[in-house]
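A, B, ... follow the sequence lines: proteins, then strands. Residue 1 opens every chain.
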Amino acid sequence: MPELPEVEILKKSLNRNIKFTKITKTKINNVNLRYKVPKHLNKVLKGQIIENISRISKYLILHLSSKKILLIHLGMSGTIHIVRNNNNRNTNASFYNSSNLPEKHNHIEITLNNNLKLIYNDPRRFGYFKILSNKFIHQPPLKNLGPDPFSSSFNFKYIDNYIKNKKKNIKNLLMDQSFVGGIGNIYANEILFHCQLNPHKKISELNKKNIFQILRNTRKVLRKAIFFGGSTIKDFRRTDGKSGNFQQTFKVYGRHNAKCSSYKCNGVIKKTIITNRSTFFCPKCQN
DNA sequence: AAGAGGCCCTGATAGC
DNA sequence: TGCTATCAGGGCCTCT
């Protein structure tokens with residue numbers, strides 16, 4: 001489910017609402033995620049102050065006062081909901097209340113000392129929780145990640161050098177987390193449309209102009225998605241349960257058989273499969 | 001050794 | 001209504 005924009009929105013919401021709160025209790029309802037929920041999770045979290053919340057690629061990171069970190073990956077369908085503990089009255093619209101909270105798949109509940117509770121919900125169980133030491137940057141899974149798309153190390157020289165002697169196509173390159181961290185299927189499709197690049201195009205055929213297009217449009221599309229509150233296709237929800245709106249601006253994703261929205265283009269969006277993932281593009285203006 | 005494909009899991013929807 | 005098949009925002013593992 002969540003790609004960089006959705007995790008970034010989640011990070012900001014958590015920083016607004018739970019930064020410097022103390023964890024009083026952890027309840028594990030179901031240990032079955034991609035990896036089993038660590039047995040010592042409760043022990044590690046209890047009494048900890050959440051000093052900061054950051055994001056690397058699609059990973060969410062809670063920095064604890066013990067200097068350990070809680071790494072959270074949301075997989076395809078993970079969401080974190082902020083719930084007010086006692087919401088009998090004085091209902092605050094910016095949080096979930098018991099009436100719109102999902103009933104199934106609430107794997108983990110973390111109670112805080114400010115009357116709020118975090119609920120991790122994940123129907124498909126591809127997400128996971130992991131405790132890491134303060135050297136987490138140099139440990140898997142983070143150590144193999146490419147630069148953040150917004151960082152200065154994601155630049156022309158880096159891309160130009162990275163694609164040398166490689167054979168894959170441009171869509172798989174964008175989706176490759178060791179090339180750049182955070183782009184998934186939706187945004188890879190959208191970025192390539194804005195670059196007017198065919199997703200099948202081999203990276204060995206990219207010219208200088210193409211590389212600059214990739215740089216510019218990657219940042220443009222992701223920044224816009226964050227501004228629109230992320231994309232809700234099926235089940236992405238913000239921490240308050242509301243949907244994102246970026247999906248209304250999709251140019252190609254999910255738009256097969258629809259008319260291309262490019263100025264003066266009369267092409268029709270086509271759907272194909274690349275490495276098992278749905279791929280959408282306009283055959284006419286993406287070459 | 002890079003790259004393609006299978007697979008983990010549940011739920012929604014389409015088609016018969 | 002009720003079955004079965006297909007498809008989902010990811011990424012690890014295996015095989016070539």
What's the closest nucleotide to the side chain of A/T275 if the choices are B/dG5, B/dC9, C/dG10?
B/dG5
With heavy atoms under 4.0 Å as the rule, sort A/Y59 into base, sugar-phosphate or nothing.
sugar-phosphate
Answer with base, sugar-phosphate or nothing: what part of the nucleic acid does A/Y128 contact at a heavy-atom distance below 4.0 Å?
nothing
Could you state the atom-to-atom distance from CG of A/L145 to P of C/dC12 in whole Å?
9 Å
A/I186 has an atom CD1; how far is it from atom P of C/dG10, in whole Å?
8 Å
note: A/L74, atom CG; C/dG10, atom C1'; distance rounded to Å ~ 11 Å
Of all the choices, B/dG11, B/dG6, B/dC9, which nucleotide is nearest to the side chain of A/R125 once you look at every atom?
B/dC9
Ring centers of A/F246, A/Y187 separated by less than 6.0 Å:
yes
Considering only atom P, compute the distance from B/dC9 to C/dC3 and round it to an integer number of Å.
23 Å
Using a heavy-atom cut-off of 4.0 Å across all strands, would you classify A/Y253 as base, sugar-phosphate, or nothing?
sugar-phosphate
Centroid-to-centroid, A/F179 to A/Y162, below 6.0 Å?
yes
Against the side chain of A/N172, the closest entry in C/dA8, B/dA4, C/dG11 is B/dA4
Rounding to a whole Å, what distance do you find between A/D176:CG and B/dA2:P?
11 Å
Could you state the CE-C1' distance from A/M175 to C/dA8, rounded to the nearest angstrom?
12 Å
On a heavy-atom basis, which atom in A/S133 and which in A/I69 lie closest, and how many Å separate them?
O-CG1, 4.2 Å
Take atom CG of A/L173 and atom C1' of B/dG3, then tell me their distance rounded to the nearest Å.
12 Å
For DNA chain C, write out the stems as range with range, using runs of 3 or more consecutive Watson-Crick or G-U pairs with both distances under 3.5 Å.
B:2-8 with C:10-16, B:10-16 with C:2-8
Regarding A/E8 and A/K11, does a basic nitrogen lie under 4.0 Å from an acidic carboxylate oxygen?
yes
Starting the side chain at C-beta, find the nucleotide from C/dA8, C/dG10, B/dG11 nearest to A/K271.
C/dA8
Closest to the side chain of A/N276, out of C/dA8, B/dG5, B/dG3, is B/dG5
Are any of the side-chain nitrogens in A/E6 or A/R238 under 4.0 Å away from the carboxylate oxygens of its partner?
no
Between A/F150 and A/F154 (judged by ring centroids, cut-off 6.0 Å), do the two rings come close enough to count as a pair?
no
OP1 or OP2 of C/dG10 versus the side-chain N and O atoms of A/H73: is any pair under 4.0 Å?
no
A/K208 vs A/F156 side-chain heavy atoms within contact, under 4.5 Å:
yes
In whole angstrom, give the distance that lies between atom CZ of A/F179 and atom P of B/dG3.
12 Å
Can you check whether A/R277 has a side-chain N or O nearer than 4.0 Å to OP1 or OP2 of C/dG10?
yes
B/dG11, OP1 or OP2 - any side-chain N/O from A/S77 closer than 4.0 Å?
no
Does B/dA1 have its OP1 or OP2 closer than 4.0 Å to a side-chain nitrogen or oxygen of A/K166?
no
From the options B/dA4, B/dG3, B/dT10, select the nucleotide whose nearest atom is closest to the side chain of A/K202.
B/dA4
With a centroid cutoff of 5.5 Å and a plane-angle limit of 30°, would you call A/F126 stacked on C/dG11?
no
Nearest to the side chain of A/P123 - C/dG11, C/dA8, B/dG11?
B/dG11
Can you tell me whether the side chain of A/R124 and the base of B/dC9 have a donor-acceptor pair closer than 3.5 Å?
yes
Atom P, compared across B/dG6 and C/dT6: separation rounded to whole Å
14 Å
Respond yes when some side-chain nitrogen or oxygen of A/Q177 is under 4.0 Å from OP1 or OP2 of C/dG11, and no when none is.
yes
Is the A/F281-A/H200 ring centre distance short of 6.0 angstrom?
yes
How many angstroms lie between atom CG of A/N276 and atom CD1 of A/I274, to the nearest 0.5 angstrom?
11.5 Å
What's the gap between B/dA1 and C/dG11 when it is taken at their P atoms, as a whole Å value?
24 Å
Using whole Å, what does the distance between atom P of nucleotide C/dG10 and atom CD1 of A/I183 come to?
11 Å
Would you please confirm or rule out a distance under 4.0 Å between OP1 or OP2 of B/dG11 and any side-chain N or O of A/K104?
yes
Using only side-chain N and O atoms of A/H105, determine if any of them is under 4.0 Å from OP1 or OP2 of B/dC9.
no
